[in-house]
Structure formats: C-alpha cells, structure tokens
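These notes concern the structure reproduced below.
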Amino acid sequence: MYKQEEIKPYHEGDKGQQVEAMFDNIASTYDTLNHRLSWDIDKYWRKKAIRQLAPYHPENILDVATGTADFALQAAKMLKPVHLTGSDISEGMMKVGEEKVKAAGLSHIISFVKEDCMRLSFADNSFDAVTAAFGIRNFPDLDQGLKEMCRVLKKGGHLSVIELTTPVSFPMKQLFWLYANTVLPLYGKIISNDDSAYSYLNKTIEAFPQGETMMEVLKRAGFAKVSFKRLTFGICTMYFAEK
C-alpha cells in the first residue's frame with residue numbers, strides 16, 4: 001500500500017466512496033479553485049501532456065478521472081480524435097464537464113460515463129491513448145487502477161499523465177510546503193465550503209510516489225518506455241509511457 005492510499009477525505013467509510021462524495025461536494029467550485037490556486041499554470045501543464053500524444057494521432061482516447069473535463073476538452077481541440085470518453089466516479093464533476101462540452105460544441109466527440117477506475121467496464125485493448133490529469137493520486141489502489149488503464153489500452157498505445165508533486169530542490173521545496181499547508185487548504189475551505197477536501201488533496205500530493213519511483217510503479221503495471229519530466233520547478237510532474 002502506498003502512503004496516499006491510507007489518506008481519506010473524511011473519517012469513516014470506503015476511500016472510493018469518500019472521494020466520490022468529496023468531488024460531488026466541491027464540483028461547482030472546483031474549476032475556479034483549480035485555476036486560481038495554480039495561477040492558471042494548470043492549463044499549461046495540460047497542454048504539455050497533450051502534446052506528448054500529438055505525434056501518434058490517437059483516434060479513440062480514454063480520459064480517466066476526467067472530472068470537469070478540462071483535459072478532455074483541450075485534448076479534443078488539440079488532437080482532434082474521432083471519439084474521447086471521459087470517465088469518473090463523480091457524477092457531480094461530470095455534470096459540470098458536460099455543460100462545458102456542450103458550450104464548446106464538442107458533444108459529438110466527447111462522451112461521459114461513470115466508472116470505477118478499479119474495475120473499468122471497457123474491453124481489453126479498446127483505446128489508442130489513455131490520459132489522466134490530477135486524478136491518479138486519489139485511486140484507492142494505485143497499482144490496480146494503473147493495471148486497468150494498461151489493460152484497456154491497445155498494444156503500442158500511449159499513456160499520458162500529469163500529477164501534482166512536491167518540488168525536490170531548495171527553495172521551491174520549502175516555499176511549496178508553506179503555500180500548500182497554509183494558503184491552499186484555507187482558501188479551498190472558504191470557497192468550497194468543505195472543511196476537509198483541500199486539506200486531503202494537499203496531503204495526497206505530499207504522500208504520492210513521484211519521479212523515478214513512479215516510473216517503477218508504471219512499469220509494474222505493464223507499461224514500457226516510461227519517462228517523466230518535472231514542470232514548474234517540480235510542482236507538477238508529467239509521465240509518458242507505452243504499452
């Protein structure tokens with residue numbers, strides 16, 4: 001078990017159910033907080049992760065933990081796939097995403113389905129690419145979730161993941177710790193009206209495996225040609241792999 005798997009948003013119950021409830025609770029304010037707390041740099045991170053896939057021209061994409069569909073929307077615009085499926089455990093988050101997709105006129109490309117990332121309903125070898133932005137650290141079982149993502153990916157297909165991480169070098173490591181343990185949970189609590197959500201999300205960032213360690217986790221899940229790149233002084237890390 002990885003450290004972040006032991007961290008739960010609330011006190012009692014299954015972690016998967018708690019994560020679902022938490023994201024349902026904060027869905028209406030999630031985009032505002034996400035962009036403000038990152039100073040909109042999260043948009044740059046998503047574009048970088050999508051560009052990793054551009055040379056391979058994936059036609060059928062699965063976006064796991066799609067949330068409010070920011071990654072799915074950007075991928076649809078940049079990669080122009082035939083179809084993109086956004087899956088998430090939180091219907092509240094996806095409802096926000098559906099409205100954004102309709103407003104962008106991309107409902108013919110992007111569809112949504114409620115899925116448990118531990119037991120994806122899709123057949124083996126279904127997708128040309130699988131993506132995830134800021135979601136895999138919430139998996140109740142990281143190894144199982146990644147194995148499922150690998151299972152539904154076609155042979156030769158690609159995985160592109162971005163995840164929040166802790167910087168490793170002075171002084172960004174210390175500055176990020178101060179920001180993440182003061183501003184982030186307090187501002188998140190005020191805007192979202194959820195006492196626990198942003199404290200939980202911060203704790204999972206600190207506990208989540210990153211860099212070389214995460215590369216080994218991905219390899220054990222079945223991925224090959226694994227690489228990573230730290231972005232914005234290590235606040236975010238981008239992973240890329242092939243099946």
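Computed from heavy atoms alone, side chains included, the values below leave out hydrogens, waters and symmetry copies. What you are looking at is a predicted structure, and each value in this text was computed from that prediction instead of being measured.
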Seminar exercise, completed: Note: Pro81 and Leu84 closest approach over all heavy atoms is CG-CB, 4.4 Å

For this session: Identify the heavy atoms of Thr66 and Met94 that sit nearest to each other, and give their distance.
Result: CG2-CG, 4.1 Å

Problem set entry | Exam field: side chain Ser90 to backbone Met93, donor-acceptor pair closer than 3.5 Å | yes

Exercise. Is the shortest side-chain N to carboxylate O distance from Lys95 to Glu98 below 4.0 Å?
Worked result: no

Exercise. Taking a hydrophobic cluster as the set of Ile, Leu, Val, Met, Phe, Trp and Tyr residues connected by side-chain heavy atoms closer than 4.5 Å, whether directly or through intermediates, do Val101 and Val96 fall within one such cluster?
Worked result: no

For this session: Check the angle between the aromatic planes of Phe228 and Tyr239 and answer parallel, tilted or perpendicular using the 30° and 60° thresholds.
Result: tilted

Exercise. Given side chains that start at C-beta, do those of Met214 and Thr237 come closer than 4.5 Å, heavy atoms only?
Worked result: no

For this session: Treating Ile, Leu, Val, Met, Phe, Trp and Tyr as nodes and any side-chain heavy-atom pair under 4.5 angstrom as an edge, say whether Met238 and Leu142 lie in one connected cluster.
Result: no

Exercise. Are Val152 and Ile110 connected in a single hydrophobic cluster, I mean Ile/Leu/Val/Met/Phe/Trp/Tyr linked by side-chain heavy atoms less than 4.5 Å apart?
Worked result: no

Exercise. Do Phe139 and Val64 touch side chain to side chain, with heavy atoms closer than 4.5 Å?
Worked result: yes

For this session: Would you confirm whether Glu163, through its side chain, and Gly135, through its main-chain N or O, come within 3.5 Å as a donor-acceptor pair?
Result: yes

Seminar exercise, completed: Closest non-hydrogen atoms of Lys243 and Leu153, given as atom of the first, atom of the second and distance, are NZ-O, 2.7 Å

Exercise. Does any non-hydrogen side-chain atom of Lys77 lie less than 4.5 Å from one of Ile50?
Worked result: no

Problem set entry | Backbone N/O of Leu201 and side chain of Thr204: donor-acceptor pair under 3.5 Å | yes

For this session: Give a yes or no on whether a salt bridge exists between Asp70 and Lys43, defined as a side-chain N under 4.0 angstrom from a carboxylate O.
Result: no

Seminar exercise, completed: The side chain to side chain contact (heavy atoms under 4.5 Å, CB included) partner of Phe170 among Gln174, Met172, Lys173 is Gln174

Seminar exercise, completed: In short, Asp128 meets Lys154 closest at the heavy-atom pair OD1-NZ, 3.1 Å

Problem set entry | Trace of the side chain to side chain contact (heavy atoms under 4.5 Å, CB included) decision for Lys114 with Glu20 | CA-CA 11 Å; Lys114 181 174 181 177; Glu20 178 182 358; 2.8 Å; yes

For this session: Would you name the heavy atoms of Asn125 and Lys155 that are closest together and state the gap between them?
Result: OD1-N, 4.1 Å

For this session: Start with the C-alpha gap between Asp88 and Phe23, add the side-chain angles, then the distance that decides, and say whether side chain to side chain contact (heavy atoms under 4.5 Å, CB included) holds.
Result: CA-CA 10 Å; Asp88 203 288; Phe23 280 112; 5.6 Å; no

Problem set entry | Under 3.5 Å: donor-acceptor pair, side chain of Thr165, backbone of Gly234 | yes

Exercise. Is there side-chain contact between Val19 and Pro9, with at least one heavy-atom pair below 4.5 Å?
Worked result: yes

Exercise. Can Leu73 be reached from Leu53 by stepping across I, L, V, M, F, W or Y side chains whose heavy atoms are under 4.5 Å apart?
Worked result: yes

Exercise. Leu120 and Arg151: which non-hydrogen atoms are nearest, and at how many Å?
Worked result: O-NH2, 2.9 Å

Exercise. CD of Glu5 to CG of Asp143: how many Å apart, nearest 0.5 Å?
Worked result: 7.0 Å

For this session: Treat each ILVMFWY residue as a node, draw an edge where side-chain heavy atoms are under 4.5 Å apart, and state whether Leu218 and Met118 are in one component.
Result: yes

Exercise. Ignoring hydrogens and geometry, is there a side-chain-to-backbone donor-acceptor pair from Asn25 to Ala21 under 3.5 Å?
Worked result: yes

Exercise. Hey, what do you get for CZ (Arg46) to SG (Cys236), rounding to the nearest 0.5 Å?
Worked result: 9.0 Å

Exercise. Charged N to carboxylate O below 4.0 Å: is that the case for Glu206 and Lys203?
Worked result: no

Problem set entry | Given Gln17, Met22, Lys15, the one that forms side chain to side chain contact (heavy atoms under 4.5 Å, CB included) with Tyr10 | Met22

Exercise. Can you tell if the side chain of Arg230 reaches within under 4.5 Å of the side chain of Val168, non-hydrogen atoms only?
Worked result: yes

Exercise. Heavy atoms, side chains only, cut-off 4.5 Å: are Phe127 and Pro58 in contact?
Worked result: no

Exercise. With a 4.5 Å heavy-atom cut-off, do Trp45 and Leu164 have their side chains touching?
Worked result: yes

Exercise. Is there a side-chain contact between Thr166 and Phe208, using heavy atoms and a 4.5 Å cut-off?
Worked result: no

Exercise. Does Lys8 use its side chain to pair, donor to acceptor, with the backbone of Gly13 at less than 3.5 Å?
Worked result: yes

Problem set entry | From OG1 (Thr29) to CG (Asn193), nearest 0.5 Å | 7.5 Å

